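Comments concern the structure below.
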Amino acid sequence: MTARPRTSLRAQLARPRPAPASATVESRANKLVSMPANKSVVTAASEMNDPLTDSASAPAIDPAGNPVAGAQAGPEANPPINPAAETDVSSSAKVPAGSVANASVKSSARSATNLSAQVPARRGANPVAKSTGPSSTQAKAWFAARGWKVFPFQRDVWQAAMAGQSGLLHASTGAGKTYAVWFAALQRAALHKRPRVGLKVLWLTPMRALAADTLRALQESATDLLPAWQIEARTGDTGSAQRARQNKRLPDTLVTTPESLTLMLSKADAVAQFAQLDMVIIDEWHELMGNKRGVQTQLALARLRHWNPGLVVWGLSATLGNLVQAREALMPDGVAVEGHVAKDIVVDTLIPDHPSRFPWGGHLGLQMLPRVVEEIERHATTLVFTNTRSQAELWYQNMLDARPDWAGLIALHHGSLDKQVRDWVELGLKNGQLKAVICTSSLDLGVDFLPVQRVLQIGSAKGIARLLQRAGRSGHAPGRVSRLTLVPTQSMELLEAAGARQAVAARDIEARPVPYKPLDVLVQHMVTIALGGGFRSAELLAEVRTAWSYRDLTEEEWQWALDFIARGGQTLAVYPEYRRVLPDDEGVYRVPDAAIGRRHRMGIGTIVSDSSLQVKYVSGGRLGSVEESFISRLKQGDHFLFAGRILEFVRLHEMTAYVRRATGTRGAVPRWQGGRMPMSSELAHAALEQLRLATIDGAESLGPEMQAIAPLLATQQKWSALPTPDTTVIETMHSREGRHLFMFPFAGRSVHVGLASLIAWRVARVTPVTFSIAVNDYGFELLAAQELDWTALLDVGHGAKAGLFGTDNLLEDVLASLNATELSQRRFREIARIAGLIFQGFPGQPKSARQLQASSALFFSVFRQHDAGNLLLTQAQREVLEQELELTRLRATLEELQARHISFHQTKRATPFGFALMVERFREKLSTEKLSDRVARMVRELEKAAGP
DNA sequence: GACCTGCTGCGGGTTG
């Protein structure tokens, strides 16, 4: 104990055994840091009489671990928290977060008085003025009344938070994370000595629906434990009256979204509104951390911490591959706590009745319809996940055809359906009135549907994290088993299912990389802060650098961003609307113009959606939305399948497609343009591992999935070979279409796109040739009109494969091999929107996709011509390379390919693995003869951008 | 002989 914590004299006097107690807590807290979920921590915690301990005979010890003076046996007599005790909390703001000793001193002082005497006073008093936390007894009783068990991790969280520590709590869904932090938040309320008005607990969720749900859950417990505590939500759909009230004064607890929080930071009086803030909880952090919404959250937290360095921050997350990064992105220092609930997760597979007749390619999987219907029949409520909206539509329609009696009992749910429809479906699920819902990832998280008994996943789950997430939609409560059944749509997915089961058992979960220095988000944030009271350059730079994603932000980058918002950068200086901030005489940057401020607030957020058209009945009634490009292909009178109905397209008017019900003939299914979801490395490796095992002992000796595809694997092995972690299989074949080359690196489709283009380009440098490219998650195909000597090109048998698989000049070659400019331009649209260059139009009067596309394309070309150093351009290129082409993974794959043995085969016809590629419809023409200076310039630019 | 891919999330309430 070198540095004594600052405490008031009164608090020191009230402390029964000062020094040793705080030392103990400090070391215990350190244990938490170094060994999350360590048994010693749990043991230590269970000896204490904290509010979540279920042992009634534990010695009386206050929350920080100090023995309570004059303690009698039993928690009733010794509530650890006394709201009215005299403690010095004013010093807490000056002490850095994590200063355990200081917190323990305060809490030991609190425990000197008995709570019971305070209860009547609290009831009668001004509810806001007396903000007191619930006692341990109350909290325990509340749990017990629901028949809930208190888990050790919940105590760990509570203790750490009471000691003023921040942390990340990770556990599978349904493990009881919410109450662990919520009780901590309520108990911390007791730390507030003075009558206080305003926001103390901020609860962030990634979804409005989740905010509403959380609000209900928090209110339910708080009404019992802390009746005076005000809890409200604030999201985009908060009514104007409530919004106005909140603008004046925030409630004690606010449940909100990152976007709404940022909007609040853009108000001039933000400092005052957040002055009392004590604790922030970020729910479902794993959903945010990997994208720009997470970065925006980081920046908002940096701001809140700047105002209150002692802020206690807790993240709640599912288990994932990079937990340390997940925590670091949220807080400079803090503990990691693992939820201890032994959550049983069962993953199994519906094996087709006749595996030998199961298709080798395709994705829809309607062959499995009878089996799926059977499963639904046998259970009360089933969620059926599909990978795309059109797949959900088709499955729904076909299921109704198969079981007309299920009309009204099954429903459809995806992101393009109208909110009212979705709400109705969600309600039906909650009430247990629906037998099955066919959905996309729209039901991945959010509302907990307790009645859900079964979860089916049609087609590849693409990743282990997603699989676990979806499994968790069933048995959503501590102690209940979650079960997910994979429904393959073609033979290769049986292999994937086998790998997935193994990876789930090993909990080999994907990492979610945190974005690095996205300047578009920074630029938006700077304008937000200029609105929210203004900033000084050096101060805000220091603050921004405390956000993990900007820890390496250079002075030059900062100056560029500042110049960009102050002057419009190099190219936009003549347009006043891009001079968004202006320093006053004292060097404080503010937004000088109210109209600019208003426009900025309307553009806050990082989600950029493609513009879509409303779909409405001619007679009135909204159905949802489809993309402009789909509708533009339809002629009047055309039929299409949407929202589970067959509709006739009538006319297009003011961004709305009017339709009427049609009967009879099937129509087209809207194809929404969405993200491509490559299979994760984890899942790919698990699948390859299954193949390796199959080559050793035969597929028959493995699980049911592998047994089912044993004949297919035998065929593959007979005609060619099985790819394994040590062997790359390459096949060539002649057909009427031309000369095929198949390769199976098992690296996921986006890497295969890059790899196929790269190899095509490198070959074409030697021999002029045009390829058609097809890819899937398992491999790729190069199709050429002429014969190529692949054995020579690949140098098979000599091990010197670095030529085609080399990583030298990788960046240049990748950029040259793909139309990187076009990819960057598409990316740039999103960046321009986030950075505030493009105004989306006023609510209710959105601009059309064409208008928006035109203006972003204009900025893109203007910057390229006149402002090549524009860092937003560089960012667009970097995002394409990292996110769309997965350059890092591509490089790793090339290195793997160099190390692997090549098994080369000339086959007479397509092998089972090759066939799946042939039926992929994606064909990308790569005309090497036409590659021109445009590409060369792109390379030069990137070299400059990438630096030495 | 075999083929119907492409998710999700939020926010703003003026002006011409």
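No experiment lies behind these values; they were computed from the predicted model shown. Both backbone and side-chain heavy atoms feed into the values below; hydrogens, waters and symmetry mates do not. By convention in this document, chain letters (A, B, ...) are assigned in the order of the sequence lines, proteins followed by strands, and residues within each chain are numbered from 1.
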Checklist entry - Among side-chain atoms of A/Ser460 and A/Glu493, is any donor-acceptor pair under 3.5 angstrom? => result no

Checklist entry - Closest to the A/Leu263 side chain: B/dT5, B/dC4, B/dG12? => result B/dG12

Next on the checklist: Students often get this wrong, so: under 4.0 angstrom with heavy atoms, is A/Ser260 touching a base, only sugar-phosphate, or nothing?
Outcome noted: sugar-phosphate

Item to check | Whole angstrom value for the distance that separates C1' of B/dC7 from NE2 of A/His413 | outcome: 13 Å

Checklist entry - What class does the angle between the rings of A/Tyr778 and A/Phe746 fall in, given that below 30° is parallel, 30 to 60° is tilted and above 60° is perpendicular? => result tilted

Item to check | Under-4.0 Å side-chain N/O to phosphate OP1/OP2 contact, A/Ser390 with B/dG6 | outcome: yes

Checklist outcome for this item: Whichever of A/Gly605 and A/Gly365 has the more 5' nearest nucleotide on DNA chain B, that residue is A/Gly365

Item to check | A/Gln242 side chain vs A/Thr238 backbone, donor-acceptor pair below 3.5 Å | outcome: no

Next on the checklist: In terms of relative ring orientation, are A/Tyr578 and A/Tyr575 parallel, tilted or perpendicular, with 30° and 60° separating the classes?
Outcome noted: perpendicular

Checklist entry - Side-chain N or O of A/Thr257 less than 4.0 angstrom from OP1 or OP2 on B/dG11? => result yes

Checklist entry - Base, sugar-phosphate alone, or nothing: which one does A/Arg470 contact when heavy atoms must sit under 4.0 Å apart? => result nothing

Checklist outcome for this item: A/His600 atom NE2 is separated from B/dG13 atom C1', nearest whole Å, by 16 Å

Next on the checklist: Using a distance-only criterion (donor-acceptor N/O pair, under 3.5 Å, no hydrogens), is the base of B/dG6 paired with the side chain of A/Arg749?
Outcome noted: yes

Next on the checklist: Once you apply a heavy-atom cut-off of 4.0 Å, does A/Thr235 come out as touching a base, just sugar-phosphate, or nothing?
Outcome noted: sugar-phosphate

Item to check | Whole-Å distance separating the CG atom of A/Leu261 from the P atom of B/dC10 | outcome: 15 Å

Next on the checklist: Categorize A/Leu288 for me: base, sugar-phosphate, or nothing, with a 4.0 angstrom heavy-atom threshold over every strand shown.
Outcome noted: nothing

Checklist entry - Between A/Gln367 (CD) and B/dG1 (P), how many Å, whole number? => result 17 Å

Next on the checklist: Whether the A/Arg889 and A/Ser681 side chains hold a donor-acceptor pair (N or O, under 3.5 Å, no angle test) is what I'd like checked.
Outcome noted: yes

Checklist outcome for this item: Whichever of A/Ile604 and A/Gln391 has the more 5' nearest nucleotide on DNA chain B, that residue is A/Gln391

Checklist entry - Among B/dT5, B/dC3, B/dT8, which is the nearest nucleotide to the side chain of A/Thr440? => result B/dT8

Next on the checklist: In this structure, how many angstroms lie between the P atom of B/dG9 and the CD atom of A/Glu287, rounded?
Outcome noted: 10 Å

Checklist entry - Mind checking whether A/Phe913 and A/Phe744 have parallel, tilted or perpendicular rings, split at 30° and 60°? => result perpendicular

Checklist entry - Using a cut-off of 4.0 Å on non-hydrogen atoms, how would the nucleic acid contact of A/Lys462 be classed: base, sugar-phosphate, or nothing? => result base

Item to check | Under-4.0 Å side-chain N/O to phosphate OP1/OP2 contact, A/Arg598 with B/dG12 | outcome: no

Next on the checklist: Please classify the nucleic acid contact of A/Arg357 as base, sugar-phosphate, or nothing, using heavy-atom distances under 4.0 Å.
Outcome noted: base

Checklist entry - Got a salt bridge between A/Arg293 and A/Glu259, using NZ or NE/NH1/NH2 to carboxylate O under 4.0 Å? => result yes

Checklist entry - Whole-Å distance between B/dA2 P and A/Leu364 CG? => result 17 Å

Next on the checklist: Would the base of B/dC7 count as contacting A/Ser441 through its side chain, where contact means a donor and an acceptor less than 3.5 Å apart?
Outcome noted: yes

Checklist entry - Heavy atoms under 4.0 Å, any strand shown: does A/Gly236 hit a base, just sugar-phosphate, or nothing? => result sugar-phosphate

Item to check | Nearest-Å distance for atom pair CZ/C1', residues A/Phe839 and B/dG16 | outcome: 13 Å

Next on the checklist: Under 4.0 Å, counting only non-hydrogen atoms across every strand here, what does A/Thr388 touch: a base, just sugar-phosphate, or nothing?
Outcome noted: base

Next on the checklist: So A/His414, base contact, sugar-phosphate only, or nothing? Heavy-atom distance under 4.0 Å.
Outcome noted: sugar-phosphate

Checklist entry - What integer distance in Å separates A/Arg243:CZ from B/dG13:C1'? => result 9 Å

Checklist entry - Hey, does the side chain of A/Arg833 come within less than 4.0 Å of B/dG12's phosphate (OP1/OP2), counting only N and O? => result no

Checklist entry - Would one find a side-chain N or O of A/Arg601 under 4.0 angstrom from OP1 or OP2 of B/dG13? => result no

Checklist entry - Just checking A/Arg909: base, sugar-phosphate only, or nothing, at a heavy-atom cut-off of under 4.0 Å? => result nothing

